Undergrad: 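Right, I'll just put the structure down here and ask away after.
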Amino acid sequence: MPIKHLMTLSTTEPNNNVGVIKVRQEDINSQIFDVEIEANGDPVDFTGLTPFFVNKTKMADGKPIEQADRMDVYPSEGCLEYTLDNRDWQWIGKNTAYFSFRELNNDNTWNEMYSTRDFTYQVTEGVTQGTIYDSGYVWTFEDLLRMFAVFVNDSENTMLSLQEQWDKFIQDNKEILESIDPGGELLNQLNELKKKQEEIDGKIAVNAELQIGGETPRPAFNQALKTLRSKIDKNKFNVLHMTDLHTDYGYDATSWKYAQYFWSHITNMQSLQDVADVAIYNGDNADCYIKDKEQSEIQQRKFGIKTLRKAEVPTFVNVGNHDNGSPPFKRDIGKVMPGDIITNEEFKGFYAAKVRIFDEVRNGDSLYFYKDFPDKKVRVIGINTNDNNQNVFNSDGTYKYGSHDHFAMQQEQLEWLADVALKVPTDYHVIIFGHCPLHETIFDNRECAVKILEAYKMGTSVPIKSIYPDHEVDFTADFTQQGPASLVGYICGHWHDEGFNQLGNSVKFTQMRCLNGGFSDPALINTPQEDCWSVLSVDTATKKVNVYGFGRATDRSFNY
C-alpha cells in the first residue's frame with residue numbers, strides 16, 4: 001500500500017510544515033511525496049511549467065539528481081505527487097531536496113522560473129539493486145546529459161578548442177560511459193548533441209567567454225570599478241542602471257560589430273550589487289537585427305538568464321523597441337508579419353513577469369511594475385513604452401504597429417499607473433524608468449503619461465484623453481486625496497545620448513536620458529570606455545540625485 005508523505009513547501013518562506021520523513025530503500029512505487037506548493041501563504045499555480053524533483057545532497061560532488069517523471073501534477077491547485085525510485089534513496093541518512101519549476105526553451109534547455117525552499121528526508125537501508133558506481137551512485141543517461149551540459153558550459157569559458165575539450169570529456173568519463181553504455185549507443189547521441197552545439201558556436205565565431213560575460217569583471221575594468229565603488233554612499237537609495245546594451249551574437253546583421261563584449265558589461269554592473277538597492281535594465285537589451293525569430297528569442301532568453309539568475313538585489317528588465325525583433329530591413333514593404341516578432345506575452349517569460357521573483361507589484365503579469373523599498377521610503381516604477389496594440393492588423397495580415405519605430409502606452413497601463421502605481425504613502429519618493437523619452441514624437445499617449453505625472457506631483461485631478469486611433473484613452477487621474485507628492489524623475493534611454501529635459505506644463509519634472517551600453521569603436525576594446533552605465537544615488541533628505549557614470553557615462557546630478 002502506498003505511503004504518502006504530506007508536506008507544504010513554500011517558494012517564499014522557510015518550510016515549517018515538513019515533519020520527519022523516512023523512506024526505505026527499494027520500496028518500489030510505494031513512497032510518495034504529496035506536496036502543496038505555496039507562496040506568501042497562497043497556492044502557486046504552476047500551469048505551463050514542469051516540476052523537477054532535485055536531490056542536492058551530493059551537489060558538491062557533482063552528483064545532483066533531477067527527475068521530472070513519475071509525477072502527478074495538479075498545476076491550477078498548486079499540488080503534485082512525486083513517487084520516489086532507487087535514485088532517490090541511494091544515499092543512506094539525511095537527504096536534502098527541493099522542487100524546481102521550469103519552462104522549456106525552444107532549444108530544449110530548461111529555464112528555472114522559481115523553486116521551493118529545501119526540505120530533508122531520511123533514507124533507511126534496504127536491499128540495494130541495480131548498477132552501482134562510485135561510492136554507491138546510480139548512474140543514468142540523464143546524468144550523462146547533465147555532465148554534457150556542464151561540458152558545454154565549460155567550453156564557453158575556456159580557451160581550449162571544442163575538440164580538445166570533447167576528447168578530454170570522453171577520457172575523464174571513460175569508466176562511467178563503459179559502465180552504462182557498453183555498446184556506445186548513448187555516446188553516439190552525445191556526439192550528435194555536440195555537433196549541434198558546434199553548429200551554434202560556428203555561427204557565433206567569437207570568444208564565448210565574453211558572450212556570457214564571465215563570473216567576474218575583466219581586468220581592464222577593475223580600477224574603474226573600484227573608483228566608482230568609492231563614490232557610493234550606501235545610506236542613499238542606489239540604482240544600478242543600464243540601457244541600450246544591444247547584446248548580439250555577431251551574425252553580421254547588426255551595426256554592433258563587437259557585441260560579443262557586451263555581456264561582460266552586465267558582469268561589471270553586477271559586481272556592485274552589494275552597494276545597490278535595485279538594478280534596472282532599461283530596454284534594447286538585445287539588438288535583434290536578425291531575420292530569424294528563434295535567434296532573437298535565444299538572445300532574449302540569455303539576457304534574462306544572465307541578469308536575473310545572477311541578481312543579488314531586486315532586478316527588473318524593461319522592453320525596448322529593438323527587443324521584439326522588428327527592424328525595418330526584415331519587413332515586407334515596411335510591415336511586420338505576426339509570426340516574425342516576439343510578442344509581449346512571450347517577453348513575460350523571458351523577463352520573469354509571470355513569477356514576480358522580487359515580490360514586485362504588477363498588473364497581473366504585465367511588463368510594467370512597481371517595487372517598494374520601505375527602509376529608504378522609495379517606490380520604483382517601470383513602464384512599458386512599447387505597449388503597442390498587437391491586435392491591430394493591416395488588410396494583408398501584417399502588424400500595423402511593429403514596435404521598432406513606434407511607441408505607445410495603452411489605457412490599461414495608464415490607468416494602472418494613475419490608480420495603482422502612483423498611489424503611494426505621503427512620505428515616499430517615486431522614481432520611474434522606461435525605455436523611450438516621454439517627448440518622443442512617435443510615442444502614442446506620451447502626453448497622457450506626462451499629464452498623469454504632473455497631476456501626481458501637484459496632487460490634483462486631470463482628465464486623460466487620447467487623440468491616437470487604436471490607442472484610445474479616456475479616464476480621469478485623481479490625486480486630490482493624496483495631495484502633492486515627491487517625483488524624483490523619469491529615467492530613459494533610446495536616444496543613445498546624455499541629457500536632461502524638463503517636462504510638464506503646470507509643473508516641471510526631470511527626464512534624464514542615458515547613453516547606450518554597447519559600443520562600436522574598436523579602439524575602446526579593453527578600456528573602461530568600452531562600457532557605459534550609471535549608478536543613480538537618490539538623497540531623499542535633500543531631494544537630490546547624484547549620477548555616477550561608469551565608462552563613457554559621465555557624472556552629473558539634478559534636484560527634484
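Keep in mind the model is a prediction, meaning the values are calculated, not measured.
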Undergrad: Once rounded to the nearest 0.5 Å, what's the spacing between atom CG of L414 and atom CG of D419?
TA: 10.5 Å
Undergrad: Might you work through the side chain to side chain contact (heavy atoms under 4.5 Å, CB included) test for N285 and L245, ending with a clear yes or no?
TA: CA-CA 5 Å; N285 310 302; L245 187 60; 5.9 Å; no
Undergrad: Between D359 and N40, is any pair of side-chain heavy atoms under 4.5 Å apart?
TA: yes
Undergrad: Any idea which heavy atoms bring V239 and F237 closest together, and the distance?
TA: CG2-CE2, 3.5 Å
Undergrad: Given side chains that start at C-beta, do those of T11 and I357 come closer than 4.5 Å, heavy atoms only?
TA: no
Undergrad: Any donor and acceptor pair, going by atom type alone, linking the side chain of E360 with main-chain N or O of F358 inside 3.5 Å?
TA: yes
Undergrad: Kindly give the heavy-atom pair with the smallest separation between H246 and D287, and that separation in Å.
TA: ND1-OD1, 2.7 Å
Undergrad: Ignoring hydrogens, what is the shortest heavy-atom contact between D340 and K293? Give both atom names and the distance.
TA: O-CB, 3.8 Å
Undergrad: Parallel, tilted or perpendicular, judged at 30° and 60°: which one describes the rings of F53 and Y82?
TA: parallel
Undergrad: Please confirm whether the backbone N or O of A286 pairs with a side-chain atom of Q299, one donor and one acceptor, at under 3.5 Å?
TA: no
Undergrad: Given side chains that start at C-beta, do those of D277 and K234 come closer than 4.5 Å, heavy atoms only?
TA: no
Undergrad: Any side-chain heavy-atom pair from E345 and K354 closer than 4.5 angstrom?
TA: yes
Undergrad: Give the ring-plane orientation class for F393 versus Y399, where under 30° counts as parallel, over 60° as perpendicular and anything between as tilted.
TA: parallel
Undergrad: Whether R229 and D274 form a salt bridge (side-chain N of Lys/Arg under 4.0 Å from carboxylate O of Asp/Glu) is what I want to check.
TA: yes
Undergrad: Ring-plane angle category for F119 and Y121, please: parallel below 30°, perpendicular beyond 60°, tilted otherwise.
TA: tilted
Undergrad: Could you tell me whether the side chains of Y468 and R446 share a donor-acceptor contact shorter than 3.5 Å?
TA: yes
Undergrad: What's the spacing between R102 CZ and L104 CG if we round to 0.5 Å?
TA: 11.5 Å
Undergrad: Is it true that a side-chain atom of T315 and a backbone atom of A311 form a donor plus acceptor pair closer than 3.5 Å?
TA: no
Undergrad: How are the rings of H265 and F221 set to each other: parallel, tilted or perpendicular (split at 30° and 60°)?
TA: perpendicular
Undergrad: When you check the side-chain N and O atoms of N445 and H471, is any donor under 3.5 Å from an acceptor?
TA: no
Undergrad: Using the side-chain hydrogen bond (donor to acceptor under 3.5 Å, both in side chains) rule, take T540 and K236 through it: C-alpha gap first, then chi angles, then the decisive distance, then the call.
TA: CA-CA 8 Å; T540 57; K236 306 297 189 291; over 6 Å; no
Undergrad: Would you call the rings of F519 and Y258 parallel, tilted or perpendicular, where under 30° means parallel and over 60° means perpendicular?
TA: parallel
Undergrad: Atom NZ of residue position K56 - does it have more than 12 heavy atoms of other residues, nucleotides or ligands inside 6.0 Å?
TA: no
Undergrad: Step by step, would you call V54 with I65 a side chain to side chain contact (heavy atoms under 4.5 Å, CB included)?
TA: CA-CA 5 Å; V54 183; I65 299 171; over 6 Å; no
Undergrad: For the residue pair F369 and F316, does the interplanar ring angle fall in the parallel (under 30°), tilted (30 to 60°) or perpendicular (over 60°) class?
TA: parallel
Undergrad: So, are E346 and K348 salt-bridged, with charged N and O less than 4.0 Å apart?
TA: no
Undergrad: Are D470 and K400 within salt-bridge range, i.e. N to O under 4.0 Å?
TA: yes
Undergrad: State whether a side-chain donor-acceptor pair under 3.5 Å links D88 with Q67.
TA: yes
Undergrad: Determine whether N238 and L536 satisfy the following criterion, side chain to side chain contact (heavy atoms under 4.5 Å, CB included), listing intermediate values before the conclusion.
TA: CA-CA 6 Å; N238 297 309; L536 283 66; over 6 Å; no
Undergrad: State whether D372 and R379 are salt-bridged, where the test is any N-O pair (Lys NZ or Arg NE/NH1/NH2 against Asp/Glu carboxylate O) under 4.0 Å.
TA: yes
Undergrad: Between S403 and N321, is any side-chain donor less than 3.5 angstrom from a side-chain acceptor?
TA: no
Undergrad: Measuring only between side-chain heavy atoms, which start at C-beta, is I491 closer than 4.5 Å to I431?
TA: yes
Undergrad: For a quick test of reading the model, state the closest non-hydrogen atom pair linking E36 to P43 and the distance between them.
TA: OE2-CG, 4.0 Å
Undergrad: Is any side-chain heavy atom of M409 closer than 4.5 Å to one of I383?
TA: yes
Undergrad: Checking the side chain of Q413 only, and the main-chain atoms of Q410 only, is there a donor and an acceptor separated by less than 3.5 Å?
TA: no
Undergrad: Quick one: are I342 and Q300 in side-chain contact, heavy atoms under 4.5 Å?
TA: yes
Undergrad: Considering non-hydrogen atoms only, spot the tightest contact between L240 and A276 and give its length.
TA: CG-CB, 3.6 Å
Undergrad: I'd like to check V420 versus N363 (side-chain heavy atoms, cut-off strictly below 4.5 Å). Are they in contact?
TA: no
Undergrad: From E112 CD over to L49 CG, what is the distance, rounded to the nearest 0.5 angstrom?
TA: 10.5 Å
Undergrad: Can you check side chain to side chain contact (heavy atoms under 4.5 Å, CB included) on L80 and Y74, steps first, answer last?
TA: CA-CA 6 Å; L80 61 85; Y74 311 92; 5.7 Å; no
Undergrad: What distance do H404 atom NE2 and H406 atom NE2 have between them, rounded to the nearest 0.5 Å?
TA: 14.0 Å
Undergrad: Pick one: which of D323, T385, N282 meets side-chain hydrogen bond (donor to acceptor under 3.5 Å, both in side chains) with N318?
TA: N282
Undergrad: If only side-chain N and O atoms count, and only distance matters, is there a donor-acceptor pair under 3.5 Å linking E38 with S10?
TA: no
Undergrad: Supply the atom-to-atom distance S534 OG to Y548 OH, rounded to the nearest 0.5 angstrom.
TA: 11.5 Å
Undergrad: Considering non-hydrogen atoms only, spot the tightest contact between W533 and L272 and give its length.
TA: CH2-CD2, 4.2 Å
Undergrad: Roughly how far, to the nearest 0.5 Å, is the CD atom of Q511 from the CG atom of L503?
TA: 4.5 Å
Undergrad: Please determine whether ring pair (Phe, Tyr, Trp, His ring centres under 6.0 Å) holds for the pair H439 and W495, giving the CA-CA distance in whole Å, both sets of side-chain angles, and the decisive distance to 0.1 Å.
TA: CA-CA 11 Å; H439 66 309; W495 280 17; 4.7 Å; yes
Undergrad: Does a donor on one side chain and an acceptor on the other come within less than 3.5 Å for Y281 and H241?
TA: no
Undergrad: On the 0 to 90° scale, with breaks at 30° and 60°, tag the F46-F101 ring pair as parallel, tilted or perpendicular.
TA: tilted
Undergrad: Would the distance check show the side chain of D284 and the main-chain N or O of H322 forming a donor-acceptor pair, the cut-off being under 3.5 Å?
TA: yes
Undergrad: Could you check whether N384 and N386, counting side-chain N and O atoms only, form a donor-acceptor pair closer than 3.5 Å?
TA: no
Undergrad: When you check the gap from the basic side-chain N to the acidic O, do R218 and E530 get nearer than 4.0 Å?
TA: yes
